[in-house]
There are 2 protein chains.
Amino acid sequence: MTAGNAVPGEGVQCEHCAVRSRALCASAGHEGQRELRRWSRIRRVAADETVLPEHGESGFVGTVVAGALRQVKTMPDGREQVVGLVFPGEFFGRPFRARTDFGYEAAIDSEICVTERLAFEAVLRRHPEVEHQLLLQTMNELAAARERSLLLGSLDTLERVATYLLVMSARREQMLSRIGQDPRLEVAASLISRRDLASYLGTTIETISRHVHHLSRGGVIRIIDSSHFEVLDHQRLLAISGVTHDDLRLFDVVGESAAAEPGHARPAGAA
Amino acid sequence: MTAGNAVPGEGVQCEHCAVRSRALCASAGHEGQRELRRWSRIRRVAADETVLPEHGESGFVGTVVAGALRQVKTMPDGREQVVGLVFPGEFFGRPFRARTDFGYEAAIDSEICVTERLAFEAVLRRHPEVEHQLLLQTMNELAAARERSLLLGSLDTLERVATYLLVMSARREQMLSRIGQDPRLEVAASLISRRDLASYLGTTIETISRHVHHLSRGGVIRIIDSSHFEVLDHQRLLAISGVTHDDLRLFDVVGESAAAEPGHARPAGAA
DNA sequence: CGGGCGATTTGACGTGCATCAATCCGGCCA
DNA sequence: TGGCCGGATTGATGCACGTCAAATCGCCCG
């Protein structure tokens, strides 16, 4: 069960890590990074595989390198809710807590960098700059979760779909521009299954399907296949979503938002 | 606007603070606590008064001493959503961020202990044990926010009302038992206005009214007045809510949950 | 004690969306 | 190439809940 059984001495190769610059570990100093990689290892998980069980040991924490995880809560009667999604560069897990209070599962085939929880906590204790960065990311996650309250509490289902498409579109755009590719064609991949998407948006696959096709007929988006869409009319989609541009940015947990705090942090090494 | 203009030298009296043992500041060492109080001051805010504007400067942070704050997001078209409530002992505000991304308003007449944001950050930098405690509380808030996703995304309105009553009932119970009073009569005060409650639960005042009276007719609760209820049948209410007992605890941000991590923290002074 | 005003309750009505069910589509394997 | 199967679409139906409106209940102030 405790899948993060890294034996010291192994470790991971960080040099070519895809999320090297954005992940939590990048904020650690030279020494801290060396410690972290000693206790970490890369793990591949297939779609729908459980990463951390919903009611179990909080054995390890980690960062998504590629793919996406879904955070799920199941109710006694079997209803299941996706309460969050974890994308590349984002941290997951629950430090300083022995048991989990929701589950992590791979939404698609993914690659994650996991660290024994206790070892990770030790690193945090020895390296306050890492703990600081974790705090910033956690506060960002909290802002995103609050934004989700707005989405689930105040938006109708069409607005939710529009919002999701915009968020994914922006995410993809910044990802492409980061690796230097031309992001001109705005192609938003839903990536995750319709079932996950429906649960994440607090609705059903049927409703999603209807709205997506409605947007397509209106010329706002183009359907490439059932999980890939191109945003044709960004302005109109934004108007339909009902939210502001600023609100959309809150969904991005590891965005530049946290980093640029004048006069603070930006500690030791790692470029 | 920057309401937390504490001039050094003033400060607050912490000795008789109602939330002394639970608040963030309690975790600070002797030295840290002295610094914190130097830059803090008590502020009284009337119901519906704005504490921090929705789009403005993140001038100060603070802790609720008495009363309750609501966190609000407003949409371009005027729809307003209460994305969270802040109760006594809980921290609020956004350290390490110059601008706010949602507003704080007094839900009822309240008393808050505010600290200049920049001064607070300086304390965090000098006292990692306080930052650590803030991290724990933030992670708890995140868990609560995720639980709210479940509430808004998967529960019907009756279940939401039941859940809310249970949470408030538990909160009051532990508050009474903390000050040594007999919590036998479970009286859950809604405290906040129907309008806030409706928004918080993602529904309308009419629907709330109907469900509350439905529960009352069924003998599950007793209506004392429009904002005070007594839980008569805890078991049945829990069954109606559809969630587990464990899930309810996640709504409690400053509960014992965070504190009891074996072998960690529990730093310097303050009993 | 009486009048007035905001908040709550109650009722009637309409609808957005879930539900159920049938059809369609695409990938996989023989 | 053809048949199968899970996922996606499309349609038909029902209901939970939002909306609008009227009635009622407090509470403050004269």
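Residue numbering restarts at 1 for every chain, and letters A, B, ... go by the order of the sequence lines.
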Return the value, rounded to whole Å, for the distance between atom [atom1] of [X] and atom [atom2] of [N].
{"X": "B:L201", "N": "D:dG18", "atom1": "CG", "atom2": "P", "answer": "11 Å"}
{"X": "A:R217", "N": "D:dT10", "atom1": "CZ", "atom2": "P", "answer": "7 Å"}
{"X": "B:L158", "N": "D:dG18", "atom1": "CG", "atom2": "P", "answer": "13 Å"}
{"X": "B:R160", "N": "D:dG18", "atom1": "CZ", "atom2": "C1'", "answer": "12 Å"}
{"X": "B:I208", "N": "D:dT19", "atom1": "CD1", "atom2": "C1'", "answer": "16 Å"}
{"X": "B:I223", "N": "C:dT8", "atom1": "CD1", "atom2": "C1'", "answer": "11 Å"}
{"X": "B:D196", "N": "C:dT8", "atom1": "CG", "atom2": "P", "answer": "10 Å"}
{"X": "B:L197", "N": "C:dA7", "atom1": "CG", "atom2": "P", "answer": "15 Å"}

Just call it for A:D225: base, sugar-phosphate, or nothing, with non-hydrogen atoms closer than 4.0 Å on any strand.
nothing
Classify the ring geometry between A:Y200 and A:Y164 as parallel (under 30°), tilted (30 to 60°) or perpendicular (over 60°).
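Answer is perpendicular, since the angle exceeds 60°.
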Where the side chain of [X] is defined as all heavy atoms beyond and including C-beta, which of [options] is the nearest nucleotide?
{"X": "B:T203", "options": "C:dT9, D:dG18, D:dT10", "result": "D:dG18"}
{"X": "A:E206", "options": "C:dC17, C:dT10, C:dC20", "result": "C:dC20"}
{"X": "A:R194", "options": "D:dG18, C:dT10, D:dA8", "result": "D:dA8"}
{"X": "A:D156", "options": "C:dT9, D:dG18, C:dC17", "result": "C:dC17"}
{"X": "B:S209", "options": "C:dT19, C:dC17, C:dT9", "result": "C:dT9"}

Return yes if the base of C:dG11 and the side-chain atoms of B:R210 contain a donor-acceptor N/O pair under 3.5 Å, otherwise no.
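Yes, the side chain and the base share a sub-3.5 Å donor-acceptor pair.
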At less than 4.0 Å, is any side-chain N or O atom of A:T207 found next to OP1 or OP2 of C:dA18? Yes or no.
yes
When A:V64 is tested against each of A:V19, A:V45, A:I112 for side-chain contact (heavy atoms from CB on, under 4.5 Å), which residue passes?
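Per the side-chain contact (heavy atoms from CB on, under 4.5 Å) rule, the option paired with A:V64 is A:I112, out of A:V19, A:V45, A:I112.
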Within-4.5 Å side-chain heavy-atom neighbours: B:L150 and A:F102:
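Result no, sub-4.5 Å side-chain heavy-atom pair not found.
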How long is the gap from CG on A:L238 to CG on A:L248, to the nearest 0.5 Å?
6.0 Å
For B:R94 against B:S58, the heavy-atom pair lying closest together:
O-OG, 3.2 Å
